[in-house]
Amino acid sequence: QSREPDDYQERPAKRHAGDVDMVIEHYNLRPEVGVKQRKESPIIGLKSFNNWVKSVLITQFGHPALAAAANKRGKVLDMGCGKGGDLIKWGKARIREMLAVDIAHVSIEQARQRWETMRPRRFDATFAALDCYTEPLTKVFSPQQLAEPFDVVSMQFCMHYAFETAQKARCMLKNVSEWLRPGGIFLGTVPNADQLLARLDQLPPDSEDLSFGNSVYKIRFEERTSRPLFGHRYYFYLRDAVENVPEYIVEWDNFVQMAAQYGLYPVFKKEFHEVFEDYREHEDFKQLMVRMNVCDATGASSMEDEEWEAVNIYIAFAFEKR
Ligand code: SAM
């Protein structure tokens with residue numbers, strides 16, 4: 001199903017602007033809540049599980065690349081960092097420096113504040129508001145800040161917004177690859193296109209409502225048959241987190257093919273439930289699951305069935321720059 005770059009279907013510019021505004025407004029308006037309120041979220045089990053998967057990914061693929069940095073303390077770029085939910089994970093990775101960007105300036109401020117109040121604050125960090133799917137990192141970072149290449153680039157739960165157009169996906173990949181050293185790692189989490197499209201196909205043929213999900217999450221497509229590689233839009237709702245924000249299907253083979261044009265090659269791809277199966281018995285990650293409240297000491301999950309279904313729409317991935 002591969003296509004030449006010139007065949008890419010682009011959507012009218014006006015529609016893009018509206019979608020991006022919805023994304024920015026949504027994330028800017030989501031309040032930063034304290035630790036106590038976070039723990040009381042109705043989807044705390046799901047959030048903890050997502051954090052555990054990110055920790056596994058960062059430990060398994062980020063740590064070796066960081067350890068191979070010249071002075072064994074590497075440099076990370078977090079694209080779409082949000083409110084800085086991964087700062088502690090990077091602190092544990094003993095990095096030297098982080099640069100972080102997000103399109104939502106309110107989130108960037110909150111991430112900066114979170115980093116400033118971290119004790120101990122183990123690494124230097126610079127935060128900047130940037131639409132990294134349309135603009136280069138050089139817009140917000142100086143040549144000195146970019147002089148030393150990154151060992152790891154992380155994109156957690158945010159890359160799918162770039163697949164609105166081929167141009168945005170290319171800009172995103174250029175930003176990932178341009179300042180990543182050879183042997184460096186690009187890792188992330190993204191919805192699983194195969195699963196979303198399979199669920200769409202399973203809807204009754206005469207159904208006008210093209211949505212599926214449960215009380216925790218809902219996905220609504222706009223049409224059934226047209227499957228463009230870019231701009232294949234659906235609306236996503238996640239209880240207590242995301243309110244019907246437009247997102248785009250990331251067709252894996254297309255992503256891999258494009259990434260190769262930027263020197264990025266896949267080394268890992270797993271659905272979240274596979275990550276759970278593969279790492280639940282691993283001594284370090286098993287203990288981490290208890291510490292992160294993903295399950296209790298007996299191994300019983302803190303998630304309801306509906307939360308399990310919601311987390312399983314995601315995949316985790318890692319690419320190596322060659
Ligand atoms: N990575 C964080 C995490 O794992 O907690 C935040 C994930 S949140 C679901 C998605 C983030 O992607 C939001 O903070 C949003 O503002 C950001 N985002 C969406 N489009 C973006 C763009 N064009 N450039 C930079 N960030 C973007």
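As the structure is a prediction and not an experimental result, all values here were calculated from the model. Each ligand, and each atom within it, is numbered from 1 in the order the structure gives.
- At the top of the distance list for atom 9 (C) of ligand 1, counting protein heavy atoms only, stands Y27 OH, 3.2 Å.
- Distance from atom 23 (N) of ligand 1 to its nearest protein heavy atom, with residue and atom name: D131 OD1, 2.8 Å.
- The nearest heavy-atom contact from the protein to atom 10 (C) of ligand 1 is F157 O, 3.4 Å.
- With a 4.0 Å heavy-atom cut-off, ligand 1 is reached by the backbone of C132 and by its side chain too.
- In terms of protein heavy atoms, atom 20 (N) of ligand 1 is closest to Y133 CE1, 3.6 Å.
- Between F285 and Y279, the angle of the ring planes goes over 60°, which puts this pair in the perpendicular group of the 30/60° scheme.
- Using 4.0 Å as the threshold, V101 has no heavy atom nearer than that to any atom of ligand 1.
- Relative orientation of the Y314 and F272 rings is tilted, given thresholds of 30° and 60° on the angle between their planes.
- Here A162 has no heavy atoms under 4.0 Å from ligand 1, in either its backbone or its side chain.
- Between F163 and F230, the two ring planes are parallel [angle under 30°; tilted spans 30° to 60°].
- Distance alone, capped at 3.5 Å, is enough to place a donor-acceptor pair between the N214 side chain and the E306 backbone.
- Among protein heavy atoms, atom 6 (C) of ligand 1 sits closest to G80 O, 3.5 Å.
- Of all the listed residues (A129, C158, A100), C158 holds the heavy atom that lies closest to atom 11 (C) of ligand 1.
- For ligand 1, the atoms closer than 4.0 angstrom to any heavy atom of V23 are 19 (C).
- Both the backbone and the side chain of I103 come within 4.0 Å of ligand 1, counting heavy atoms alone.
- Checked for salt-bridge contact, R96 and D124 miss the test: no charged N lies under 4.0 Å from a carboxylate O.
- Ring orientation note: the planes of F276 and W308 are nearly perpendicular, at an angle over 60° on the 30°/60° scale.
- For K54, the heavy-atom gap to ligand 1 drops under 4.0 angstrom.
- Nearest to atom 7 (C) of ligand 1 among the protein's heavy atoms is Q156 O, 3.4 Å.
- The proximity of L130 to ligand 1, defined as any non-hydrogen pair under 4.0 Å, is limited to the backbone.
- Electrostatic pairing of D78 and K89 does not count as a salt bridge here, judged by no charged N lying under 4.0 Å from a carboxylate O.
- Taken to the nearest 0.5 Å, the CD1 atom of I103 stands 10.5 Å off from the OH atom of Y161.
- Of all protein heavy atoms, the one closest to atom 17 (C) of ligand 1 is D102 OD2, 3.4 Å.
- Salt bridge status for R199 with E309: present, with a side-chain N to carboxylate O gap under 4.0 Å.
- Of all the heavy atoms of Y161, the ones lying under 4.0 Å from any atom of ligand 1 belong exclusively to the side chain.
- Figure legend: cation-pi geometry between K168 and Y133 absent, as NZ or CZ is not positioned both under 6.0 Å from the six-membered ring centre and within 45° of its axis.
- Ring orientation note: the planes of Y217 and F236 are tilted relative to one another, at an angle of 30° to 60°.
- Using a 4.0 Å heavy-atom cutoff, G85 is absent from the residues neighbouring ligand 1.
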